[in-house]
Visitor: 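The structure that follows is given in the form of structure tokens.
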Amino acid sequence: MTVTCELKDSWKQFLELVEKKCSSTEFHNWFSPIKVIPKEGDILHLEVPNIFVQEYLIDNYREDLALFFPNLENGKLPIEFHVKLDKKTPKKQPPKLIKKTTTFLLNKNYTFENFIEGPSNQFVKSAAIGVAVHPGKSYNPLFIHGGVGLGKTHLLHGIGHSIKNGSKNIKIQCITTEGFINDLIDNLKSKSVDKMKRYYRSLDILLVDDIQFLQNRLNFEDEFCNTFESLINQHKQIVITSDKPPSQLNLSERMIARMEWGLVANVGIPDLETRVAIIQHKADQKALFIPNDIAFYIAEHIYLNVRQIEGAINRLCAFCRLMNLKITQDIVERVLAELIHKNPLIRVTIDGILKSVSNLFEVKASDIKGNSRMKNIALARQIAMYLAKELMDDSLQKIASSFGGKTHSTLLHSWKKITKEIKENEKLHRQIQIIKRNLKG
Ligand code: ADP
Ligand code: MG
């Protein structure tokens, strides 16, 4: 086999791997247009429709590519890209497809009425309502950030619904960052980028979900930033969601500064009472009756993510309807156990323990590692140390030093104290069971 044939074969194998790894839309958009240019030599020549495709491939698949095409001595991949030239064909040209801009429908359940308020999300909800009442006038942009499944998309769509209900003529676009990028690619392909730019810049409201996906997409970032500035300059409202605050995103300083122009608000993990209210609300929507003590039981067991709480309610509902059973603690335990079982086993780490303990006891992880003697912090610290000794294989010395450099006798003291207390204190016993289950889940 010639070198070129081998390279072509490797490319085919690479594509087979990629097809398994990514969605069919992604594959269609990014990989299908790439063509191998038959050339002799030990370098693979690829024809790409534009620079974005080349960048995308290198940014996202460098490691996979290196498996199939080992780096050259200079550390570069043995691949040369050729951007396809726009040849003028004198013959009949197929009609240009003007790509319609992707519009994302608002989820009908994601309204402000369905968003349960508590101390962790009160501020961000009021900010969202403020924006919906006076778009472009209160906070611009509004930047909402927080962990997975805590209601960012829900609030974004809530703003969309509320504005739409207020005025039918407002031009509003709700889009995921991936959607924006795919739009741009499609329009690049059909050479209708200017039309797309004009469309975005004519909007009254732009709602953008999950801006973190703009990270490491340099060319798209520029285009997004231009659209952003053009809208803000016309006092058009922009709302952005993200899994991190602007300063922690790997984006250009220009982009970060723009996102910090308006109001940055955080959606936190709802506290126990709010979680119970969410559970009751979701159960009501399904006409399912959940006794209060059971709602508490669920809220105590699933506490990091509202989407998981919803998942549990859906399962519980399906199970009870199917089996024609009333909800009891026994059933909840069975259904939840199944849910937890489905998660892959993970290795227990100090960070994991700190996160779970700090969430359940509502103290900061940094305080657990610190030296504060405040009662709730000291207890959380002792529990974290007890769990680390019970669940981790590392030496006592190593575990103790991970807690901000404590000694191994402090660790042993905590472990003994908690071991004794668990036997006498039912509530503590249950709390520790919850953490253990979550850590191993
Ligand atoms: P994120 O975008 O932050 O990952 P979502 O907005 O998709 O999270 O929320 C996940 C699910 O949890 C959605 O079904 C949403 O309705 C629900 N949810 C989150 N927070 C709340 C809340 N405070 N009240 C009611 N439902 C909520
Ligand atoms: Mg979301």
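Computed from a predicted model, the values in this text were never measured in an experiment. Counting starts at 1 for both ligands and their atoms, in listed order.
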Visitor: Would you please name every residue forming a ring-ring contact (aromatic ring centres under 6.0 Å, His included) with Phe81, sequence neighbours left out?
Guide: none
Visitor: Considering only heavy atoms from C-beta outward, does the side chain of Thr227 approach that of Lys197 to under 4.5 Å?
Guide: no
Visitor: Could you tell me if the side chain of Lys282 sits less than 4.5 Å from the side chain of Ile309, heavy atoms only?
Guide: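 With C-beta onward as the side chain, the pair stays apart.
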Visitor: List the steps and the verdict of side chain to side chain contact (heavy atoms under 4.5 Å, CB included) for Asp183 and Ile175.
Guide: CA-CA 10 Å; Asp183 239 12; Ile175 194 162; 4.2 Å; yes
Visitor: For the residue pair Leu203 and Leu231, what are the closest heavy atoms and their distance?
Guide: O-CD2, 3.5 Å
Visitor: Listing residue and atom name, which protein N/O/S atoms are closer to the Mg ion (ligand 2) than 2.8 Å?
Guide: Thr153 OG1
Visitor: Quick check for you: to the nearest 0.5 Å, what is the distance between Ile181 atom CD1 and Asp186 atom CG?
Guide: 12.0 Å
Visitor: By the ring pair (Phe, Tyr, Trp, His ring centres under 6.0 Å) test, which pairs, at least two apart or in different chains, include something from residues 144-175?
Guide: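 For residues 144-175, and leaving out neighbouring residues, the ring pair (Phe, Tyr, Trp, His ring centres under 6.0 Å) pairs sorted by first residue read Tyr110-His154, Tyr110-His157, Phe115-His154.
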Visitor: Return the orientation label for the His301 and Tyr297 ring planes: parallel under 30°, perpendicular over 60°, tilted otherwise.
Guide: tilted
Visitor: Compile the protein residues with any heavy atom at a distance under 4.0 Å from an atom of ligand 1; present them by chain, then by number.
Guide: Tyr110, Asn114, Phe115, Ile116, Asn121, Gly147, Val148, Gly149, Leu150, Gly151, Lys152, Thr153, His154, Ile278, Lys282, Val306, Arg307, Glu310
Visitor: Please report the shortest heavy-atom distance between Val124 and Ala265, naming the atom on each side.
Guide: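 Here Val124 and Ala265 meet closest at CG2-CB, 3.7 Å.
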